[in-house]
Amino acid sequence: MIGLYPTWFEPGVGSGWIVGIIATIHVLASHTSVGAAVFFAGLAVYAHRVDKPEYLDFIRRYGLFLLVFSYVIGSITGPGIWYSTTVASPRGISALIHSFVWKWATEWVFFVIEVVGVYMLVYLAGKVDRRTHLNIALVFGLAGYTTMLIIIGILSFMMWPGQPEWFTDGGYLNGFYGANTWAQLALRTAFMLTMTAVVGGIVASRFEDADVKRRVLRVLAWVGIVSTVAGALLQRWYLATLPESALVVLENRMPAGYAPAMATVLALTLAWFVWTLVQPRRVHMAMASVMTVALLVLGLWPGETTRESIRKPFVAGQYVYSNQVIARDVPGMGIRSELPALEAHGFLKLHPFAPDALRQVDGSNLLEAGRFLALTTCSNCHSLTNTGMRPLARYFGGNTDVPALAAYLQAALSTGNTMYMPTIPLRDDEAEALATYIASLSDPAAAQAWVDRRTRQAAVLPSVADDAEGAPR
Ligand code: HEC
């Protein structure tokens, strides 16, 4: 047996999308608040220097808005990511915890400082002297940014460990700091300021005093323009720090409309900031809110799902596959690849949660065994229904020729040479079972005909497996 867990199956969407939806909302909330923390620190310094108390009033209002929305949404979706990823990808999370548990503990310390900081910033405004308020803003900004730095070290480890020595020597700093860490930090810093500037428009548009509104919107517009342009430029640096497999997926497997769509979002965002710069009076809360949702749906969702896609076939550290199998030896962590054992004995024998009735494939359980294999080895990345994430049936073009499907599965998956899919060692009987299940997705009758044929054969031959291999096991 290998240490696999039960699979979380979410019909209609796939567990990956549930994680993705929670995570994207979390990114909006967390990036906006971290961006705001940094922005507030800068704006507070500026407001004190030029003696413009209306900017401090804006900080107080925006801080209160974030307390009610961002911090509440962030604190719900944050644990939501933990819950959903723990069920969707227990071994991915386990890999991260084994490397970074103290990093996370550190992050929580800074997060607590950040939360206390935002309360102090809002409720002590005007009640403490300026110097103290400025210091609160600076501590808030630093604490917020530190939480981001720590999380990004972990996120970039998920793409690939910082230094190659990590695989042989372990050491959490080796895993944490790499070229991708800095590039991703820079890229996210830029885009989080963009988000802060867009969401800030919701608050700024509510100033009654037209002059104050104009000035605050102008500051936001310039922050937005500079950060959006910087983000667009920094993307090139980020791309240069990706593993080769990521670039293969990015170049060959993304929808054709992806690059133009992202360029459109950037152009739209810039247009929004320019418009708020020249027409501040006409900015309404509703428009700023629509713009926020547009950024969430058109910018964040594709951006984050792309980062997830290009990390395939791995979920973490280039050694845990998305389907939870450990794919390589990591001597530095005392981890051994599970592929040789799977090649020798197959999933049905080694998966601890396989029903006993499926451990041996025969005519009568072909479909059930195939469904089990699809659930455990494919459904982390492919939805098994017609909707959601990369629906499996769609990739087979309605083909119901079971032997041909089985041969294709073994050629494409057992060898691992697609680069974006894991190596999935399928024994002959397993490939046939999975092929029968895949055929049933587009034509249940055809699959049933194959099952019936095999069942009739099984009346003569004890099992398909014996038939396929010529010797009983
Ligand atoms: C780690 C995630 C992952 C797993 C697990 C996975 N796939 Fe895929 N698969 C992908 C990605 C990514 C693509 C490319 C998607 C695209 O181009 O839209 C893909 C594409 C495919 C294709 C099209 C191949 C091609 O080159 O055009 C087939 C067929 C396929 N998968 C079948 C399967 C089957 C069957 C399983 C389970 C035995 C499986 N996949 C498991 C990620 C995965």
Side-chain angles (χ1 to χ4, degrees), residues 4 7-9 14-17 19-20 85 88-89 91-92 95 158-159 243 245-258 302 305-328 338-339 342-343 346-348 351 369-402 404-442 447:
L4 292 167
T7 299
W8 170 25
F9 176 58
S15 56
W17 269 22
V19 175
T85 50
S89 184
R91 294 179 109 192
M158 291 179 78
M159 186 65 82
S245 58
L247 298 174
V248 169
V249 178
L250 201 61
E251 277 158 26
N252 304 306
R253 307 300 319 197
M254 297 314 288
Y258 175 72
T305 44
T306 303
R307 191 178 51 79
E308 295 282 322
S309 287
I310 62 181
R311 207 175 56 214
K312 297 282 175 282
F314 299 102
V315 68
Q318 302 263 311
Y319 73 97
V320 187
Y321 278 151
S322 293
N323 64 10
Q324 306 297 294
V325 170
I326 304 288
R328 67 182 274 185
E338 291 166 344
L339 291 177
L342 284 170
E343 258 159 40
F347 275 90
L348 295 172
H351 199 304
R371 186 176 126 86
F372 179 84
L373 287 166
L375 277 169
T376 51
T377 64
C378 322
S379 78
N380 256 299
C381 304
H382 293 285
S383 119
L384 302 185
T385 43
N386 249 324
T387 48
M389 171 179 61
R390 305 185 198 96
L392 192 56
R394 228 175 264 174
Y395 291 99
F396 292 92
N399 190 346
T400 54
D401 180 345
V402 172
L405 285 172
Y408 171 82
L409 288 175
Q410 285 189 310
L413 295 169
S414 303
T415 54
N417 55 18
T418 66
M419 283 191 87
Y420 40 82
M421 274 192 280
T423 301
I424 302 176
L426 292 170
R427 299 173 60 77
D428 293 343
D429 52 346
E430 291 179 326
E432 183 182 351
L434 184 54
T436 311
Y437 175 72
I438 289 170
S440 79
L441 290 177
S442 41

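We count residues from 1, following the sequence as given. Atoms within each ligand, like the ligands themselves, are counted from 1 in listed order.
- Exactly one of M419, R311, K312 qualifies for a side-chain contact (heavy atoms from CB on, under 4.5 Å) with S245. That residue is M419.
- At a heavy-atom distance under 4.0 Å, only side-chain atoms of L434, from C-beta outward, approach ligand 1.
- Here the heavy atom of the protein found nearest to atom 24 (C) of ligand 1 is Y408 OH, 3.5 Å.
- Contacts of L426 with ligand 1, taken as heavy-atom pairs under 4.0 Å, are absent altogether.
- At distances below 3.5 Å, at least one donor-acceptor pair connects side-chain atoms of T305 with backbone N or O atoms of P302.
- For atom 8 (Fe) of ligand 1, the N/O/S atoms of M421 include one lying under 2.8 Å.
- For atom 29 (C) of ligand 1, the closest non-hydrogen atom on the protein side is F396 CZ, 3.4 Å.
- At a 4.0 Å heavy-atom cut-off, ligand 1 touches L413 through the side chain alone.
- With E338 contributing its side chain and A327 its backbone, the two residues share no donor-acceptor pair below 3.5 Å.
- Closest to atom 12 (C) of ligand 1 among all protein heavy atoms lies R390 NE, 3.5 Å.
- Among the atoms of C378, no N, O or S atom falls under 2.8 Å of atom 8 (Fe) of ligand 1.
- Between F396 and Y408, the ring planes are perpendicular. Angles over 60° get that label, and only those under 30° would be called parallel.
- With a 4.0 Å cut-off on non-hydrogen atoms, P422 touches ligand 1 through its side chain and not its backbone.
- When hydrogens are left out, the protein atom nearest atom 41 (C) of ligand 1 is H382 CD2, 3.6 Å; that is the closest non-hydrogen contact.
- When non-hydrogen atoms are compared, ligand 1 lies under 4.0 Å from the side chain of L392 (C-beta onward) but not from its backbone.
- Nearest protein heavy-atom contact of atom 5 (C) of ligand 1 is T377 O, 3.2 Å.
- Scanning the protein heavy atoms around atom 1 (C) of ligand 1, the nearest turns out to be C381 SG, 2.8 Å.
- The two residues A431 and Q410 make their nearest non-hydrogen contact at CB-CG, 3.6 Å.
- Closest to atom 26 (O) of ligand 1 among all protein heavy atoms lies Y420 OH, 2.6 Å.
- Around CZ of R371, the count of heavy atoms belonging to other residues, nucleotides or ligands within 6.0 Å does not exceed 12.
- Atom OG1 in T377 sits 9.5 Å away from atom NE2 in H351 (nearest 0.5 Å).
- Looking only at heavy atoms of the protein, atom 16 (C) of ligand 1 is closest to Y395 OH, 3.3 Å.
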